[in-house]
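Working notes for the structure below.
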Amino acid sequence: MNNVLVVVPTFDEAGNIATLIERVLVAEPRADILVVDDGSPDGTGDLVADVASTEPRVHLLRRSGKSGLGSAYRAGFAWGREQGYDVLIEMDADLSHPADRLPALVDGLGQADLVIGSRYVAGGGTANWPWTRQAISRVGNAYVRLALGVHVNDATAGFRAFNTDILDRIGFAELTSDGYCFQVETTYRTARAGGRITEVPITFTERVHGSSKMSNEIVREALWRVTMWGIGDLFRRGSTNRGAASPRRRAGAVGVLFGVAIAAAWALKSLRS
């Protein structure tokens, strides 16, 4: 058995999944692939089952219904841990993540606990993205850096590789985010646990087939959770230093809340346009 597992959550990705599987198997011979399908009405799970019946590197985990991205990754990681994989990789099913960068993610773990395929480092970028998505992504990442003190350029990126040791240290089964905030939470928890994080450049390409799973609810979850984590950190630091949060830090927390309210209003308006 290979020691690398690419975990791919799916919901109605029949137009993409066969191509994705082929690209992954060719690009990274060290990797197997696990598709976590949330009962796709379009038959995505059945397509994967057909491939898995003749290809031992392909696996399928069926779930009864759509339960969120974070839930799918927690289930996929748990399956991978039970099967003894050493490296677990997150990858979207919509062909937005370049499979030919999988070796760079895996090799990067020689010097890190988490390797992120980043759009916002030298050599990285996006293709066919509307300006609203680009702006929301960049503002969101800037807000994560400011609120959480995480020195990562692309904390929201969904193409990433973990050593299983760091996933165990951060208690991946207890992570609480369901939407794309799961990416921020794993980055934040890895940094707090003292894990080493590196970024490698990728070009993210907007999907051609199917529809995006991004929604107002996902944006709201991310904004709310990042704000609460940031304020919690401010108060914890204040308590450690003085026995209680200082007025300066309390003012900072209020400023964070004000900033996120403005960002939320702008982001939600952009998504509706």
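Heads up: numbering here begins at 1 and tracks the sequence.
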Given side chains that start at C-beta, do those of [X] and [Y] come closer than 4.5 Å, heavy atoms only?
X      : Y      : answer
Glu28  : Val6   : no
Thr10  : Asp38  : no
Phe77  : Phe162 : yes
Thr186 : Arg160 : yes
Val35  : Val51  : no
Thr205 : Leu95  : no
Ser137 : Trp129 : yes
Asp165 : Leu167 : no

Any idea which heavy atoms bring [X] and [Y] closest together, and the distance?
X      : Y      : result
Ile116 : Ala157 : CG2-CB, 3.6 Å
Gly117 : Ile202 : O-CD1, 3.5 Å
Val7   : Gly76  : CG1-CA, 3.9 Å
Pro201 : Gly124 : CB-N, 3.5 Å
Ala193 : Ile166 : CB-CD1, 4.4 Å
Pro9   : Ala93  : O-CB, 3.8 Å

To the nearest 0.5 Å, what is the distance between [atom1] on [X] and [atom2] on [Y]?
X      : Y      : atom1 : atom2 : value
Asp32  : Arg30  : CG    : CZ    : 12.5 Å
Ile33  : Leu20  : CD1   : CG    : 5.0 Å
Thr164 : Asp86  : OG1   : CG    : 5.5 Å
Asp94  : Asp92  : CG    : CG    : 5.0 Å
Phe182 : Thr187 : CZ    : OG1   : 10.0 Å
Leu5   : Met91  : CG    : CE    : 12.5 Å

Taking [X] for its side chain and [Y] for its backbone only, find out whether a donor-acceptor pair lies under 3.5 Å.
X      : Y     : answer
Asp12  : Asp42 : yes
Asn163 : Val87 : no
Ser71  : Gly68 : no

Test side chain to side chain donor-acceptor pair (under 3.5 Å) on Ser40 and Asp37 and set out the steps. CA-CA 6 Å; Ser40 297; Asp37 185 67; 2.5 Å; yes

Could you label the plane-to-plane angle of the Tyr85 and His59 rings as parallel, tilted or perpendicular, counting under 30° as parallel and over 60° as perpendicular?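 It falls in the perpendicular class, over 60°.
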
So does [X] pair up with [Y], basic N to acidic O under 4.0 Å?
X      : Y      : answer
Arg196 : Asp113 : yes
Asp178 : Arg74  : yes
Asp107 : Arg101 : no
Arg145 : Asp154 : no
Arg81  : Asp168 : yes

Evaluate the side-chain contact (heavy atoms from CB on, under 4.5 Å) criterion for residues Phe11 and Arg63: first the C-alpha distance (whole Å), next the side-chain angles of each, then the deciding distance (0.1 Å), finally the verdict. CA-CA 10 Å; Phe11 184 80; Arg63 306 203 306 168; over 6 Å; no

Does atom CD of Gln134 have more than 12 heavy-atom neighbours from other groups under 6.0 Å away?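 Buried by this count: over 12 neighbours within 6.0 Å.
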
Any chance you could lay out the side-chain contact (heavy atoms from CB on, under 4.5 Å) test for Leu47 and Ile21, step after step, and finish with the verdict? CA-CA 11 Å; Leu47 291 174; Ile21 291 173; over 6 Å; no

Show, in sequence, the C-alpha distance, side-chain angles and deciding distance for Arg119 and Thr203, and conclude whether the side chain to side chain donor-acceptor pair (under 3.5 Å) test is met. CA-CA 6 Å; Arg119 298 159 289 190; Thr203 297; over 6 Å; no

Val48/Ile17 under side-chain contact (heavy atoms from CB on, under 4.5 Å): CA gap, chis, key distance, verdict: CA-CA 8 Å; Val48 176; Ile17 195 61; 3.7 Å; yes

Going by side-chain hydrogen bond (donor to acceptor under 3.5 Å, both in side chains), name the residues that satisfy it together with Arg169, two or more places apart in sequence or in a different chain.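 side-chain hydrogen bond (donor to acceptor under 3.5 Å, both in side chains) list for Arg169, sorted by chain: empty.
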
Taking only residues two or more places apart in sequence or in another chain, which ones pass side-chain contact (heavy atoms from CB on, under 4.5 Å) with Asn153?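 By the side-chain contact (heavy atoms from CB on, under 4.5 Å) rule, Asn153 matches Ser118, Tyr120, Val121, Glu199.
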
Evaluate the side chain to side chain donor-acceptor pair (under 3.5 Å) criterion for residues Ser177 and Glu185: first the C-alpha distance (whole Å), next the side-chain angles of each, then the deciding distance (0.1 Å), finally the verdict. CA-CA 7 Å; Ser177 300; Glu185 185 171 15; 2.7 Å; yes

Check the pair Leu25, Val58 against side-chain contact (heavy atoms from CB on, under 4.5 Å), reporting the backbone distance first and the verdict last. CA-CA 9 Å; Leu25 296 183; Val58 176; 4.0 Å; yes

